[in-house]
2 protein chains.
Amino acid sequence: MTSEARAGEAKGGEEWTARQRDVLDAALRLMVEEGDNLTMAGVARRASCSKETLYKWFGDRDGLLVATVQWQASKVRVVPVDPGRVDVDSLTESLEGYARDWLKVIASDTSIALNRVAVSHAGSGKDNLGAIVLENGRFALAKRLKPVLDAGKRAGHLAFEDAETAFRTFFGLVGRDVQIRLLLGDWPGLTEAAIAEDAARATRQFLALYGARKEQ
Amino acid sequence: MTSEARAGEAKGGEEWTARQRDVLDAALRLMVEEGDNLTMAGVARRASCSKETLYKWFGDRDGLLVATVQWQASKVRVVPVDPGRVDVDSLTESLEGYARDWLKVIASDTSIALNRVAVSHAGSGKDNLGAIVLENGRFALAKRLKPVLDAGKRAGHLAFEDAETAFRTFFGLVGRDVQIRLLLGDWPGLTEAAIAEDAARATRQFLALYGARKEQ
DNA sequence: GCCGAACCGTAACGTACGGTACGTTTCTTG
DNA sequence: CAAGAAACGTACCGTACGTTACGGTTCGGC
């Protein structure tokens, strides 16, 4: 898979029934608790449904995992909106907000669990999982941030050639080593306060790199 | 585990025999090919040894995994050296070199495989693996880079309060989204040329943020 | 109230794999 | 060269788990 051939945009079309959503929620909670070694019997027990139903609805274990990840994905889907024109203060505030949200997401239990499962799966089976997680994490953030960056550029507050490159720099300044450390079981101490501080620092650094000079 | 309670500094003391190293190399190759779902029988077959020997030497499956990761770790161990005084050009060259090396490492098959296995393991068993991988990746890089940053600061070419924070910024500027995308099965197109370019860009940006102003 | 479909709970099957046992072979050492 | 240790190959055991099968139950529609 290349970065061009992206994920399947979550479940493309049909939706889940209420009961099915409950089952998927149970699977999700179990995934947070047990990681990749959750068991079909475990999900059935937790969701108070029969294994036969699981197989009928989701095909096999992989199908259940994919559906679970897509289900979580569909819960946080956000439509990108073009902010039009912005002043420098609201731009800063906006960037800082995105940074805070992002750090909060990648530090959350569900995000860590989902990424763990997806990483575990990336090597073997049909690696849909990795693509889905990526599409809903890193790529979703990019889609939401690009309009903001473009607006900042149009308003003359940001200066960059390629929005993608600028975004990746922002991504790096915000995330740094946090995600990999969390996935590997380390705890970089991300309290609410630390997140706010990190977001502010990252935004400040980003503006230092890409902000149009005031005296120009 | 916190970032204070670090890993076990590779195998602390005793060493492996040549034959044992061969076996560990076989396990390592198999890990690159099969990820976490490598099997004891598979390693035995690949290494042309008996399963009984594996259990005698490494205790159990987890022991084998840990030993394999430590073995790979011991192969790339580098001692940090204080560069003393540096001029700005050699500092830049040095940073760029570290950035190139780091990108090359995290894009390598073995690094991806090791990180995948460690991430998969982080949730369940005794998570030594994550700590070891972290200790040999991200923390090793920090240990090698800190003296360089400090030297740059002493020489008046860098300005920062906390070396750790400065390092993490450098880490973020270099790695950006590369590692997580690779772990999730995406391929951000890291050719030799792209790596060199990325390293140069990251270094340039880092110096823009932390380089002492020339006109000051 | 009856019928069929969907679903629950559970039992059963097959297999993969971690771990152990054991007879045979190879290597070391005196 | 002989004796013992180490290691090889393989067969074996137990269990966990994915998957299937089946009898009982609920429920919407006629």
Side-chain angles (χ1 to χ4, degrees), chain A residues 14-69 71 113 116-118 120-121 123-129, chain B residues 14-69 71 113 116-118 120-121 123-129:
Chain A
E14 73 264 60
E15 277 302 337
W16 306 113
T17 72
R19 177 70 179 124
Q20 286 171 330
R21 289 197 295 271
D22 287 344
V23 172
L24 289 176
D25 271 328
L28 195 57
R29 287 201 309 277
L30 217 48
M31 214 156 100
V32 171
E33 297 172 17
E34 315 230 344
D36 195 17
N37 44 8
L38 62 82
T39 165
M40 297 299 275
V43 173
R45 197 173 335 113
R46 177 70 71 99
S48 294
C49 74
S50 74
K51 293 206 276 180
E52 194 174 29
T53 303
L54 289 183
Y55 283 99
K56 183 175 188 178
W57 286 347
F58 308 108
D60 58 1
R61 187 173 182 276
D62 260 25
L64 175 61
L65 291 183
V66 170
T68 303
V69 173
W71 164 235
R116 288 229 179 99
V117 173
S120 308
H121 250 248
S124 48
K126 29 289 183 210
D127 59 359
N128 280 15
L129 287 187
Chain B
E14 72 265 58
E15 277 303 338
W16 306 114
T17 71
R19 176 71 179 125
Q20 286 170 330
R21 288 197 295 271
D22 287 346
V23 172
L24 289 176
D25 272 328
L28 196 57
R29 286 201 309 278
L30 216 48
M31 215 156 96
V32 170
E33 297 172 18
E34 314 229 343
D36 194 18
N37 44 9
L38 64 84
T39 164
M40 297 299 276
V43 173
R45 196 172 337 114
R46 177 70 70 98
S48 293
C49 73
S50 73
K51 283 169 60 173
E52 194 172 29
T53 303
L54 289 182
Y55 284 100
K56 183 174 188 178
W57 285 348
F58 308 107
D60 58 0
R61 186 171 182 276
D62 260 25
L64 175 62
L65 292 183
V66 170
T68 303
V69 173
W71 164 236
R116 287 229 181 99
V117 173
S120 308
H121 250 250
S124 47
K126 30 284 182 215
D127 59 1
N128 279 16
L129 286 186

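For A/Glu33 (side chain) and A/Leu30 (main-chain N/O), no donor-acceptor pair under 3.5 Å exists by modelled atom type. Under the 3.5 Å distance criterion, the side-chain polar atoms of B/Thr53 are left unmatched by any main-chain donor or acceptor of B/Cys49. Under a 3.5 Å cut-off, the side chain of B/Arg21 and the backbone N or O of B/Trp16 do form a donor-acceptor pair.
Straight-line distance from the CE atom of A/Met40 to the C1' atom of C/dT10: 16 Å, rounded to whole Å. Regarding B/Leu54, its CG atom lies at a distance of 11 Å from the P atom of C/dG18, rounded to whole Å. Going from atom CG of B/Asp62 over to atom C1' of C/dG18 covers 11 Å, rounded to whole Å. When rounded to the nearest whole Å, the span between CZ of B/Arg45 and C1' of C/dC17 equals 12 Å. Following rounding to the nearest Å, B/Lys56 (NZ) and D/dA5 (P) show an atom-to-atom distance of 10 Å. For the pair A/Arg61 CZ and D/dT20 C1', the interatomic distance rounds to 17 Å; values are reported in whole Å. Between the P atom of C/dG18 and the CZ atom of B/Phe58 lies a distance of 15 Å, rounded to the nearest Å. B/Leu65 places its CG atom 10 Å from the P atom of C/dG19, with the value rounded to the nearest Å.
Between A/Arg61 and A/Asp36, at least one side-chain nitrogen of the basic residue sits less than 4.0 Å from a carboxylate oxygen of the acidic one, meeting the salt-bridge criterion.
For the pair B/Thr39 and C/dG18, the criterion of a side-chain N or O lying under 4.0 Å from OP1 or OP2 is met. Not one side-chain nitrogen or oxygen of B/Trp57 sits closer than 4.0 Å to the OP1 or OP2 atom of D/dA6.
Non-hydrogen atoms lying under 4.0 Å from DNA chain D are contributed by nothing in residues 17-33 of chain A.
For B/Glu52, the side chain to side chain donor-acceptor pair (under 3.5 Å) criterion is met by no residue, not counting sequence neighbours.
Remark: A/Leu54 CG to A/Gln20 CD distance equals 10.5 Å, nearest 0.5 Å.
Side chains of B/Trp57 and B/Arg19 form a contact here, defined as non-hydrogen atoms less than 4.5 Å apart. Within the 4.5 Å cutoff, side-chain heavy atoms of A/Leu64 are placed close to those of A/Leu24. By the 4.5 Å heavy-atom criterion applied to side chains, B/Phe58 and B/Val23 are counted as neighbours.
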Hey, what are the protein-to-nucleotides 20-23 of chain C N/O distances that come in under 3.5 Å?
from   : atom 1 : to      : atom 2 : distance (Å)
C/dC22 : N4     : B/Glu52 : OE1    : 2.2
C/dC22 : N4     : B/Glu52 : OE2    : 3.1

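Residue contacts shown for A/Leu38 are limited to sugar-phosphate atoms, with no base heavy atom under 4.0 Å away.
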